[in-house]
Each structure stands twice: as structure tokens, then as C-alpha cells.
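I'd like to ask you about the structure that follows.
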Amino acid sequence: MTIQTNNLTKVFTQGSKKIYAVNNINLSISKGESIAITGKSGSGKTTLLSLLAGLDSCTSGEINILHKNITHMNEKDLAKFRANNIGIIFQKFHLLPHLTALENVTLPLEISNSSNVLNKAKEALDLVGLSDRLGHLPRQLSGGENQRVAIARAIVNKPPILFADEPSGNLDQETGEQVMDLIFQLTQSINMSLVLVTHDQPLAMKCQRQVTISNGLID
């Protein structure tokens with residue numbers, strides 16, 4: 001399995017009350033599989049994705065990715081593991097505003113001490129149709145173009161796993177559909193496992209498998 005969780009739990013405390021954002025979840029995701037995590041706002045789907053991507057720590061349980069237990073990795077080892085194996089696309093792009101499209105895409109390559117950084121970044125931007133926008137800053141790009149830069153940044157290392165949290169949520173319907181079609185095309189061509197968080201049921205149905213989470217539990 002590419003991803004395997006065992007009794008994964010995340011608890012938040014509000015005063016004297018404990019909130020189980022993720023409650024004893026066991027989930028397996030295979031190599032090259034696309035899976036949609038759906039649920040209402042506050043159901044725990046984004047928390048689950050953050051745990052799987054190593055962006056947050058669990059209260060209890062284990063997360064195994066590519067046969068490595070990431071649960072107790074220190075920040076340095078986890079950052080290196082993510083840089084080499086995981087791509088992440090966020091709803092709000094999270095591009096650095098003072099860097100050009102090309103510079104934003106080179107960042108993960110530099111973190112992982114990759115070779116041929118510029119060529120790889122240019123190739124990734126070409127794949128998302130932005131070879132003519134290399135020197136543009138985020139404020140000079142449209143929302144759809146910014147998300148394409150974010151996609152290029154996420155796939156530039158050709159990681160085995162891509163996490164996407166409502167990647168079309170800030171885009172109009174037509175642009176959002178184009179962005180999602182691009183994500184599916186790229187993940188299939190590179191044989192990535194795709195974990196997509198979405199509240200959009202038609203979009204979720206484009207994935208090979210759908211998982212619904214409610215009150216921290218998988219239905």
C-alpha cells in the first residue's frame with residue numbers, strides 16, 4: 001500500500017470538551033489510486049488530509065507512507081520525506097508573492113537538493129500550459145494561472161503521492177473544471193496516488209473511490 005493508517009485519531013480540546021476531528025480511522029490507498037474524501041464542512045476531511053500529508057501530528061495511531069512510519073518523524077526528516085515523495089495543492093494557492101512562477105516551482109527542487117532545477121521547473125510549467133508565464137509574479141496572473149503554478153510546484157518532483165484540498169474552490173466553474181481535468185491527467189500520466197478533498201460530489205465521482213467522513217468517522 002502507498003498509504004496505510006492504523007487507528008488514526010486527532011483530538012482538539014476546547015475548554016473541558018474534547019473534539020475528535022479524526023476518530024480511529026483505518027484507511028488504505030494503493031499506488032496510482034485516486035480517492036476522494038468528502039463530507040460537510042467541519043466533518044474532519046481537511047484534518048485527515050493534513051495528517052496524511054504530514055502537515056499535522058496525530059493524537060494517536062499511525063500513518064505509514066511508502067512503507068515508512070511518518071508518525072514520529074522529526075520535522076527535519078519529515079520535511080525531507082515530503083519534498084521527495086509528496087505534492088500538495090491548496091485551495092488558496094500559497095504561492096510566495098515576491099517570487100516569479102518559475103521561482104515558486106523551483107522551491108521544492110531546491111529543498112530536495114535536486115539537479116537541473118531550472119530545466120525541471122520549466123518542464124513542469126510547460127506541462128500546465130504556462131511556459132510563457134515563467135517570469136510573472138502571482139499578482140500578474142489570473143486565479144486559474146496561479147493554481148496551475150501551484151500544480152506545477154506540486155508535481156515538479158514527480159512524487160508518488162499528490163494531496164489536493166479543494167483545489168478548484170477559489171475558481172469559477174469553467175476554470176475549476178479545467179484545473180481538475182489537468183490534475184487528473186497529470187496524476188494518471190505519472191501514476192501518482194491522488195487524495196482529493198472536496199465537497200463537490202460530481203467531482204468526487206471522477207475519482208476511482210469515494211470516502212465520506214462525518215464527525216471524524218468514515219461512514
Side-chain angles (χ1 to χ4, degrees), residues 1-4 27-37 48-50 52-55 63-68 70 78-91 93-95 101-134 144-168 171 175-198 200 203-211:
M1 287 295 170
T2 298
I3 301 173
Q4 177 79 53
L27 181 66
S28 299
I29 301 171
S30 303
K31 178 177 174 60
E33 182 180 16
S34 61
I35 177 172
I37 300 174
L48 176 57
L49 181 140
S50 295
L52 296 178
L55 299 175
I63 305 166
N64 289 282
I65 297 181
L66 301 172
H67 307 293
K68 290 187 179 293
I70 71 165
L78 189 54
K80 184 177 179 181
F81 181 83
R82 273 199 308 263
N84 290 318
N85 298 292
I86 292 173
I88 307 172
I89 305 170
F90 302 97
Q91 180 176 346
F93 318 142
H94 289 302
L95 300 177
L102 182 62
E103 290 167 340
N104 266 287
V105 177
T106 61
L107 282 178
L109 295 170
E110 292 168 351
I111 292 171
S112 60
N113 294 316
S114 181
S115 59
N116 301 317
V117 169
L118 287 178
N119 287 338
K120 288 177 180 177
K122 288 176 181 178
E123 179 185 354
L125 284 163
D126 185 51
L127 283 173
V128 300
L130 290 179
S131 56
D132 59 342
R133 296 287 194 271
L134 303 184
E145 288 171 333
N146 274 313
Q147 193 59 294
R148 286 171 181 266
V149 175
I151 293 168
R153 180 184 59 188
I155 60 95
V156 68
N157 266 336
K158 298 184 178 178
I161 304 166
L162 181 65
F163 293 102
D165 187 4
E166 301 279 10
S168 58
L171 307 173
T175 304
E177 289 176 356
Q178 293 172 354
V179 163
M180 287 311 308
D181 287 345
L182 177 61
I183 288 173
F184 283 118
Q185 290 168 11
L186 290 171
T187 53
Q188 289 168 10
S189 67
I190 304 174
N191 197 30
M192 293 179 181
S193 298
L194 171 64
V195 182
L196 169 67
V197 164
T198 182
D200 185 335
L203 177 57
M205 294 303 294
K206 293 183 179 181
C207 292
Q208 295 168 339
R209 181 158 56 109
Q210 299 78 42
V211 170

>> Any non-hydrogen side-chain atom of Q185 less than 4.5 Å from a side-chain atom of D181?
In response: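 In contact.
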> Roughly how far apart are L49 CG and I88 CD1, rounded to 0.5 Å?
Replying inline: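 Those atoms lie 7.5 Å apart.
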> Can you name the closest pair of heavy atoms from L102 and A121 and give their distance?
Replying inline: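 Result for this residue pair: CD1-CB, 3.6 Å.
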>> Testing the basics here: between G32 and N191, what is the closest heavy-atom pair and its distance to 0.1 Å?
In response: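 Heavy-atom minimum between the residues: CA-OD1, 3.4 Å.
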>> Counting C-beta onward and ignoring hydrogens, is there a side-chain heavy-atom pair between R153 and T106 closer than 4.5 Å?
In response: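 Side-chain contact under 4.5 Å: no.
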> Would V149 and E145 satisfy side-chain contact (heavy atoms from CB on, under 4.5 Å), going step by step from the backbone distance to the final call?
Replying inline: CA-CA 6 Å; V149 175; E145 288 171 333; 5.6 Å; no
> Does a side-chain heavy-atom distance below 4.5 Å link R133 with L125?
Replying inline: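 No, every pair of side-chain atoms sits at 4.5 Å or beyond.
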>> To the nearest 0.5 Å, what is the distance between CD on E103 and CG on L118?
In response: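 Interatomic distance, E103 CD to L118 CG, rounded to 0.5 Å: 9.5 Å.
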> When rounded to the nearest 0.5 angstrom, what distance separates CD1 in I65 from CD1 in I70?
Replying inline: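 Here the rounded value is 4.0 Å.
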> What pair of heavy atoms forms the shortest contact from A204 to Q210, and how long is it?
Replying inline: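 Scanning both residues completely, I find the closest heavy atoms to be O-NE2, 3.0 Å.
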> Which atom pair, heavy atoms only, marks the closest approach of F90 to Q147?
Replying inline: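 In this case the closest contact between F90 and Q147 is O-NE2, 3.1 Å.
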> I89 versus I183: any side-chain heavy-atom pair under 4.5 Å?
Replying inline: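 They are in contact (side-chain heavy atoms under 4.5 Å apart), so the answer is yes.
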>> Using side-chain heavy atoms (C-beta onward) and a distance below 4.5 Å, is E110 in contact with V117?
In response: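 Of all side-chain heavy-atom pairs linking V117 with E110, at least one is under 4.5 Å.
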>> For V156 versus P108, what's the shortest heavy-atom pair and its separation?
In response: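 Minimum heavy-atom contact is CG1-CG, 3.6 Å.
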> Can you tell me how far CD of Q4 sits from CD1 of I63, rounded to the nearest 0.5 angstrom?
Replying inline: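 Result: 11.5 Å between the selected atoms.
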>> Between I35 and C207, does the side-chain contact (heavy atoms from CB on, under 4.5 Å) criterion hold? Intermediate values first, please.
In response: CA-CA 5 Å; I35 177 172; C207 292; 5.7 Å; no
>> Evaluate K31 against T2 for side-chain contact (heavy atoms from CB on, under 4.5 Å), listing each step before the verdict.
In response: CA-CA 5 Å; K31 178 177 174 60; T2 298; 3.4 Å; yes
>> Consider side-chain contact (heavy atoms from CB on, under 4.5 Å). Of T187, I86, L186, which one does L162 pass it with?
In response: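 Only match with L162 under side-chain contact (heavy atoms from CB on, under 4.5 Å): T187.
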> Where the side chain of N85 meets the backbone of F81, is there a donor-acceptor pair that is under 3.5 Å apart?
Replying inline: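 At least one qualifying donor-acceptor pair exists.
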> So how far is it from F163 CZ to L55 CG, rounded to the nearest 0.5 Å?
Replying inline: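 Interatomic distance, F163 CZ to L55 CG, rounded to 0.5 Å: 8.5 Å.
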> Quick one: CG on N113 to NZ on K80, what's the gap to the nearest 0.5 Å?
Replying inline: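 Result: 8.0 Å between the selected atoms.
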> Between the side chain of N157 and the main-chain N/O of A83, is any donor-acceptor distance below 3.5 Å?
Replying inline: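 Answer holds: yes.
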>> Can you confirm whether M192 sits close enough to P159 that some side-chain heavy atom of one is under 4.5 Å from a side-chain heavy atom of the other?
In response: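 With C-beta onward as the side chain, the pair touches.
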>> So L196 and L203, do their side chains get closer than 4.5 Å, heavy atoms only?
In response: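 Heavy-atom side-chain distance check passes, below 4.5 Å.
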>> With heavy-atom distances below 4.5 Å as the criterion, would you say the side chains of I151 and L182 are in contact?
In response: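 Result yes, sub-4.5 Å side-chain heavy-atom pair found.
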> Do you know the tightest heavy-atom contact between K120 and S114?
Replying inline: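 It is NZ-OG, 2.8 Å.
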> Does the S168 side chain pair with the main chain of M180, one donor and one acceptor, at a distance under 3.5 Å?
Replying inline: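 No, because the side chain of S168 does not come within donor-acceptor range (under 3.5 Å) of the backbone of M180.
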>> Run V211 and L27 through side-chain contact (heavy atoms from CB on, under 4.5 Å) and show every step you take.
In response: CA-CA 9 Å; V211 170; L27 181 66; 4.2 Å; yes
